[in-house]
Undergrad: 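Structure incoming, see below.
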Amino acid sequence: MSDLLRGLNPEQLAAVTLPPRHALILAGAGSGKTRVLTTRIAWLISTGQAAPPSVLAVTFTNKAAKEMLTRLSSMLPINTRGMWIGTFHGLCNRLLRAHHRDAALPQLFQILDSADQLSAVKRLLKSENVDDEKFPPRELCHFINGQKEAGRRANAVEAWDGYTEKRVDLYAKYDAQCQKEGVVDFAELLLRSFELLSRNEPLRRHYQERFRHILVDEFQDTNVLQYRWLKLLTGGGAAMFAVGDDDQSIYAFRGADVGNMRDFEREFSVRNVIRLEQNYRSHGNILDAANAIIKHNAKRLGKNLWTEAGSGEPIRVFEAWSDLDEARWIVEEVKALSRDGHARAEIALLYRSNAQSRVLEHALFAAGLPYRVYGGLRFFERQEIKHALAYLRLIANADDDTAFARVVNFPTRGIGARSLELLQDAARAAGVSLFAAIPQVAGKGGASLAKFAELIEKMREAAQLPLPELIEHVVELSGLRAHYQTEKEGQDRLANLDELVNAGVNFIAEEGAVGDEGEQTGELRADLASFLAHAALEAGEHQAGEGDDALQLMTVHSAKGLEFNVVFISGLEEGLFPHENATREADGLEEERRLMYVAVTRARQRLYLSHAQTRMLHGQTRYNLPSRFLDEIPAGLLKWLTPKAGKTGFAVSPARPAGSTLGVPTFSPTSRTAPADRGGGFHIGQNVEHTKFGAGVIVNAEGSGSDARVQVNFGAAGMKWLALSVAKLTPA
DNA sequence: TGGGAGTGCTTTTTT
DNA sequence: AGCACTCCCA
């Protein structure tokens, strides 16, 4: 046990060994949050204060859950099986499977991922004859999920206008459709299990008495429903140990509510609030910069990171003329780092939005530097995989209309839109699923449909096979294999289908032996259902070239929780980072700033910041001012790799690489033409200063001589046309 | 039924 | 600009 606690700093030690009462741990970036969480569990168990089955630990991502399990099993000699450790969704799934009857769900209920949900909504709109221009399916999904995440069923939503009234109506119909089909979306997993526990008293008591220790990771990311779920489970006197960092809350846009941290403190009368402020990750200058940035936020619980490591290198800042130049500079810098012995995998390129990755990728590709992009399609989201899974879903539950619609005519088997329409009408009239309605249309040109039904029946007969063979069989029988064999680009898809069979093998090996809670009754293909749930809940790795030593490219959001020796944050421009959409929302800017804080604290040794004066975005060139976040870092921490404009009191042309062919027109308030003008002339892209509007950048110009006018983007003060002969414009 | 042209959107994302 | 999605025609 003393081994367990060795090496913890006083605050970490205090947190780990708190008596089992409610506690809130404010854990700064790089302060050993995961270590505290896992050690806490290990300590509770090894001191006999907790039995494994009394522990419930929740995370947001599967990765975090896995990490916790791995660390725990290396700390504890016992097996971790008895504990409930997983994501909110994973645990809710477990709960609903175990009590599907009480939750009014079929045993083999299926889980809709976001794409499935979208197509289910589209199907609903069609069958309800609703104009999807007026009610965009995406927006409707968002609305429904938002309501569910706030814990509201359709009948509890107060419609504030006619439009919303209709949306609420559609919400109700959507839920009815899901119920009929025996499917459950992500938000429903949460809401349904919340309702199950709140309505079913014996069940609630059972779990409240069972879980004495509830631990929550990334608490700042919980939404209202998740918080209520936790509250419900702790209702029997369990101790809640929440770990989070309000400064790293970057998911408010999807419903996360930092307010939960304050609410928790208040509603649970939390007396134990511990701040972990010692950072073990970054050098001093990097931390100072992060602290300086986040200080500009007003709504904070308050925390200041410090380190025992030296201040390290200054933060390097680069001002590029264009996004292209920025990318080229990064390439050169990365090459130099490589020569100095830095592993490429230890270097990350971060950006605010995915659109920015293209330029970077082009440059990296041209330079032959291996890189890896995070984000994008994941394994279980690929179309060939989803097709195969849809067949499997139909085996498990033929009433799953989403799966049915997906593959009824894929590969094509002559079932066109009009026979499907007929089928849909028949199904609706009889109040049954599409599959069940097939016999009714069999007479009228439904021969192909009948054949499809036969196909599914045939697959079901094979349902006795072990999972991997069943998958193989389905891929074969469905015609998917044959289809991709003839398709030009089908090779990768075939390989992925083989990989799916493999996934089945692995799944059996890893989970198959586990066996779920006692409630599980050993009926038909529980393993198939849990494999499908696994596919929906854990979409697999993001596609990326793995293995070799590659540069890491990702958005700041996906970098959360990761760390690198060297970090580049590119595109630090007003409008981009902070994003312009965010600056309009009330708390948007603070969230952007937290995002910047997360980005900066990813770096261990070296941090690069860069911005470009010109950037191609959505097909047009934009002239952006440097991000305000650059100004929020004390100048003493920065080392400009390019002469900073305005520093010397007169204009300095933006750095451009030799050989750049970009012509930059120069304008002058006098008729004097000065091609090499570095004093009084102005050019597009130049930073200027106006006595009233402040700092700006020239984005356009017209006329010449005394008629010359320039358009200047003053950021917050807006866009202005100014006559150079009149306006008091000085180079900045 | 499949492809080609036309249209519109474009912050961040896990489950 | 680039991509996803729709629509219409052969």
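Keep in mind that this is a model prediction, so the values were computed, not measured. Below, chains carry the letters A, B, ... as their sequence lines are ordered, and counting in each starts from 1.
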Undergrad: Describe the nucleic acid contact of A:R584 in one word from base, sugar-phosphate, nothing, applying a heavy-atom distance below 4.0 Å.
TA: nothing
Undergrad: Provide the distance between the two P atoms, one in B:dT12 and one in C:dC5, to the nearest whole Å.
TA: 16 Å
Undergrad: Between B:dT13 and C:dA4, how far is it from one P atom to the other, in whole Å?
TA: 16 Å
Undergrad: Where along nucleotides 3-10 of chain C does protein come under 4.0 Å, by heavy atom, of base (B) or sugar-phosphate alone (S), with - for untouched nucleotides?
TA: --------
Undergrad: Pair A:E149, A:R254 - check salt bridge (Lys or Arg N to Asp or Glu O under 4.0 Å), show working.
TA: CA-CA 10 Å; A:E149 277 159 17; A:R254 67 171 194 217; over 6 Å; no
Undergrad: Let me know which of A:F577, A:Y351, A:Y251 forms a ring-ring contact (aromatic ring centres under 6.0 Å, His included) with A:H557.
TA: A:Y251
Undergrad: Scan nucleotides 7-15 of chain B nucleotide by nucleotide, 5' to 3', and note B when protein non-hydrogen atoms come under 4.0 Å of the base, S if they reach only the sugar-phosphate, - if neither.
TA: ---BBBBBB
Undergrad: Quick one: A:L360 CG to C:dG2 C1', roughly how many Å, whole number?
TA: 16 Å
Undergrad: Give a yes or no on whether the backbone of A:A104 and the side-chain of A:Q179 come within a donor-acceptor separation of less than 3.5 Å.
TA: yes
Undergrad: Output the rounded distance in Å from CZ (A:R622) to C1' (C:dA1).
TA: 14 Å
Undergrad: Looking at every non-hydrogen atom in both residues, tell me the closest pair between A:L124 and A:L170 and how far apart they are.
TA: CD2-O, 3.6 Å
Undergrad: Just to be sure I understand the rule, does A:G414 reach a base, reach only the sugar-phosphate, or reach nothing, if contact means heavy atoms closer than 4.0 Å?
TA: sugar-phosphate
Undergrad: Donor-acceptor pairs are to be reported for all side-chain atoms of residues 134-144 of chain A against protein atoms at under 3.5 Å, with residues two or more places apart or in another chain.
TA:
from	atom 1	to	atom 2	distance (Å)
A:E139	OE1	A:R167	NH1	3.3
A:E139	OE2	A:R167	NH1	2.6

Undergrad: Distance-only, no hydrogens or angles: does the A:R602 side chain make a donor-acceptor pair with backbone N or O of A:V598 under 3.5 Å?
TA: yes
Undergrad: Any carboxylate oxygen within less than 4.0 angstrom of a Lys/Arg side-chain nitrogen, looking at A:K299 and A:E590?
TA: no
Undergrad: Which part of the nucleic acid, if any, lies within reach of A:N145 when heavy atoms closer than 4.0 Å are counted: base, sugar-phosphate only, or nothing?
TA: nothing
Undergrad: Go through the steps for A:F410 and A:H483 under the test ring-ring contact (aromatic ring centres under 6.0 Å, His included), then give the verdict.
TA: CA-CA 9 Å; A:F410 192 97; A:H483 176 264; 4.8 Å; yes
